[in-house]
Amino acid sequence: MRTSKLYAPTLRQTPAEAEVPSHQLMLRAGFIRKVAGGVYTYLPLAWRTLRKIEQIIREEIEAKDGQELALPIVQPAELWKETGRWAVFGEEMFRLVDRHNREFCLGPTHEEIITDLVRNEVRSYKQLPLLLYQIQNKYRDEIRPRFGLMRGREFIMKDGYSFDKDEAGLDKSYKDMYEAYSKIFSRCGLTFRPVEADGGAIGNATTHEFTVLAETGESDIVYCEKCDYAANAEKSELKVIVAPEEEALPLEKVHTPNAKTIEEVATFLDTPIEKTVKAVIFQNEKEQVICALVRGDHEVNDVKLQNITGAISLTMAEDSAISKVGGVAGFMSPIGLNKDVIVVADATVMEMHNAVCGANEQDYHYKNANPKRDFGDVIVADIRLIAEGDPCPHCGAPVKMTHGIEVGQVFKLGTKYSEALGATFLDENGKEKPLIMGCYGIGVSRTMAAAIEQFHDENGIIWPVAIAPFEVVIVPINAKDEAQMQIAEKLYADMKNAGIDVLLDDRKDRAGVKFKDADLIGYPVRITVSPKLLDENEVEIKVRKDGATSTVKVNICAETVKEMLKTL
RNA sequence: CGGGGCAUGGCUCAGUUUGGUAGAGCACCUGGCUUGGGACCAGGGGGUCGCAGGUUCGAAUCCUGCUGCUCCGACCA
């Protein structure tokens, strides 16, 4: 490919709409253009990178006997109604109606479709295990698309599904995919970490997220440096902290004017924050009010809370809902609320003595609240969010926290979809059983963005070789100079013959322009054909990653670069 | 959905407070000159100022409504 023919319009200035590096750089370097909120065109450079990522995925999944197929994007509502997810997905699903008024959606994921396919064809355990996958656009009408390709409404996803006859088979399929994913992200050159994640609505399902470590990541990751524990913060379990025994004092109502936040209350009453109880009020999709109690210095883990209450969605409660259950925002506690409220207390709260909590009355709190005595009937559970320094759930050492971008997830589904859709097979004994399923996703377009988040500098992108749009760019300082162009053309031909993915920047622009573009787009290696080195029959090699330069004779340049690419 | 901000040529923005008929830099076209880090000179093209109403002799500017984008909070690959 020659740059003069390449459609890669670069921008000198950063478009105002972009906030994070990957978004800014993909716009500037001519990788993407926005068409609508969360919807982008992939230009040739982006498409080359995406195809390279996809190819790596294909090779690794097929090494585990996965087979690629293509499921439809347009999907009938009936299948989704069979599993109940037509309602569950809610606003996030792009829905459409055809001329006969039949309902469809644009696929946000494909469990329904794939299970429907398999239930009609798989009859016997002899046909198992089965691993099917596809790579295509997915559609989710996100509340708030942002960060360019990191959270789009249309995005490219690899989704795979395994079908097994028993748990042991599922364990094997899961392990296979876990290994394949580790290889995929390693081959893409990414620094990543598989972390334990929350199984969500499917109870205690086993699931791992593959997370690329990056500042701008939206996931909070906790990890332990002592052992190999790593988990999504919302998943991590916490031990109960038992406060030292104290004699229970009588409950006392105290005036606390203008003290609404827990810090203000603690300061006002001169009480350590560890002896206060914080109430956070949510409401679920049925508008039931849920009062979550944690120690004053702790935070509520809303994912855990959602699982425990079985809520489909949880939002912060409105003031009207709070007053309906007899509470006053800012002065909440379970003491004195009516029966319409669901109270969930963190296990640590129940072990506290003589604590401070709200009095459900403007400007009043209680002192000496003893949860076991005073809080009445409450659900006790682990609903606290882990924080830096909390003990590691495995070994007890203080945990660290970091941010990550979730690029993949492996999930043991079990029989959730096969039971809902009646996908069964006959086992060795002729007995009908539901298929045991697993599902495995990779955000392909997000992986591209994550790579940029992880590898860039003030001059532009720094692609890992494996997923760079081109591995090498040849830059003749002056494309109007015949001697230079002759060398450049020779190198271009040599490298193509050597199987190098090479681009020739034959534009008649000044050298500075071509250098700036090369850095911005981030080709791993740049070859400069310079009049200075012409007499020696040499050219310069520059590595994008560390800026190292060296010179090499023209006749061995291609093989030198070929070797060099293996080590970058 | 709640809360901020923005909308003027392809891009970045000025002009809006105090109405008077649209401007800069970059990009683009032509010619010249130039080639190791986003050159220079000369000439040129391109905008019904997001949309719809209204006020006014006159609206990018004032008023009303809408739309789109974007950032901060609850979802997800």
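Per chain, numbering begins at 1; letters A, B, ... match sequence-line order.
- Within the 4.5 Å cutoff, side-chain heavy atoms of A:Met495 are placed close to those of A:Ile527.
- When distances are taken from the side chain of A:Arg144 to each of B:rC71, B:rG38, B:rU70, the shortest belongs to B:rC71.
- Applying the 3.5 Å distance criterion, the base of B:rC26 shares no donor-acceptor pair with the side chain of A:Arg12.
- A:Arg507 comes within 4.0 angstrom of no nucleic acid atom, judged by non-hydrogen atoms across all strands.
- Side-chain contact check for A:Arg95 versus A:Phe104: every heavy-atom pair is 4.5 Å or farther apart.
- Within the 4.0 angstrom heavy-atom criterion, base atoms lie near A:Asp517.
- For residues 2-25 of chain A, the set of pairs meeting the salt bridge (charged side-chain N to carboxylate O under 4.0 Å, His left out) definition, not counting sequence neighbours, comprises A:Arg2-A:Glu489, A:Glu17-A:Lys34.
- Checked against the 6.0 Å centroid threshold, A:Phe89 and A:Trp80 count as a close aromatic pair.
- Each of A:Val20 and A:Glu154 was assigned the nucleotide of RNA chain B with the nearest heavy atom; the assignment lying further toward the 5' end belongs to A:Val20.
- Comparing B:rA60 with B:rC6, their C1' atoms are spaced 15 Å from each other, to the whole Å.
- Between A:Lys542 and A:Ala16, it is A:Ala16 whose nearest contact on RNA chain B lies nearer the 5' terminus.
- Figure legend: cation-pi geometry between A:Arg526 and A:Phe515, with NZ or CZ positioned under 6.0 Å from the six-membered ring centre and within 45° of its axis.
- Taking only side-chain atoms of A:Arg28, from C-beta outward, the nucleotide of B:rG36, B:rA77, B:rG38 with the closest atom is B:rG38.
- Counting non-hydrogen atoms under 4.0 angstrom, A:Ala479 reaches nothing in the nucleic acid.
- In this structure, A:Arg146 reaches the B:rC72 phosphate: one of its side-chain N or O atoms is under 4.0 Å from OP1 or OP2.
- Distance from the side chain of A:Thr528 is smallest to B:rG36 among B:rA77, B:rG36, B:rC26.
- Among the atoms of the strands shown, none is found under 4.0 Å from any heavy atom of A:Lys158.
- In this structure B:rG31 sits in a base pair with B:rC41, meeting the Watson-Crick or G-U test at under 3.5 Å.
- One finds a side-chain N or O of A:Arg510 lying less than 4.0 angstrom from the OP1 or OP2 phosphate oxygen of B:rA39.
- Among the heavy atoms of the strands, none lies under 4.0 Å from A:Thr447.
- Within 4.0 Å (heavy atoms only), A:Glu92 reaches sugar-phosphate atoms of the nucleic acid but no base atom.
- The side chain of A:Ile143 approaches B:rC1 more closely than any other nucleotide in the set B:rU35, B:rG38, B:rC1.
- Within 4.0 Å of A:Lys480, counting heavy atoms only, lies at least one base atom of the nucleic acid.
- Taking the six-membered ring for Trp, A:Phe31 and A:His23 have ring centres at least 6.0 Å apart.
- Within 4.0 Å (heavy atoms only), A:Ile442 reaches no atom of the nucleic acid at all.
- In terms of polar N and O atoms assigned as donor or acceptor, the side chain of A:Asp509 never comes within less than 3.5 Å of the base of B:rG38 in a complementary pairing.
- Judged by distance alone, with hydrogens and angles left aside, the side-chain atoms of A:Arg544 form a donor-acceptor pair with the main-chain N or O of A:Asp519 at under 3.5 Å.
- B:rU8 and B:rA52 have their P atoms separated by 15 Å, with the value rounded to a whole Å.
- For A:Phe210 and A:Tyr178, the ring centers are positioned less than 6.0 Å apart.
- Using atom P as the reference point in both B:rU12 and B:rC71, the two lie 14 Å apart (nearest Å).
- Among the protein residues, A:Arg33 comes within range of no part of the nucleic acid, since none of its heavy atoms lies under 4.0 Å from any strand.
- Look at B:rC1: its Watson-Crick or wobble partner, with both distances under 3.5 angstrom, is B:rG73.
- Among the heavy atoms of the strands lying under 4.0 Å from A:Val513 is at least one base atom, whether or not backbone atoms are also near.
- If you check B:rC13 for Watson-Crick or wobble pairing at under 3.5 angstrom, you find it paired to B:rG23.
- A:Gly152 comes within 4.0 angstrom of a nucleotide base, judged by non-hydrogen atoms across all strands.
- With a cut-off of 3.5 Å on both pairing distances, the Watson-Crick or G-U wobble partner of B:rA7 is B:rU67.
- Of the candidate nucleotides B:rC26, B:rC69, B:rC75, B:rC75 has the atom lying nearest to any side-chain atom of A:Asp302.
- The gap from the C1' atom of B:rG15 to that of B:rA22 amounts to 8 Å, rounded to the nearest Å.
- One finds a side-chain N or O of A:Gln409 lying less than 4.0 angstrom from the OP1 or OP2 phosphate oxygen of B:rA77.
- Judged by Watson-Crick or G-U wobble contacts below 3.5 Å, the nucleotide B:rC62 has B:rG54 as its partner.
- Side-chain proximity of A:Phe155 to the nucleotides B:rG37, B:rU12, B:rA77 is greatest for B:rA77.
- Distances shown here put every side-chain N or O of A:Lys514 at or beyond 4.0 Å from the OP1 or OP2 atom of B:rG36.
- Closest approach to the A:Met157 side chain among B:rG36, B:rC71, B:rA77 is made by B:rA77 (side chain taken as heavy atoms from C-beta onward).
- For the C1' atoms, the distance from B:rG31 to B:rG47 is 27 Å, rounded to whole Å.
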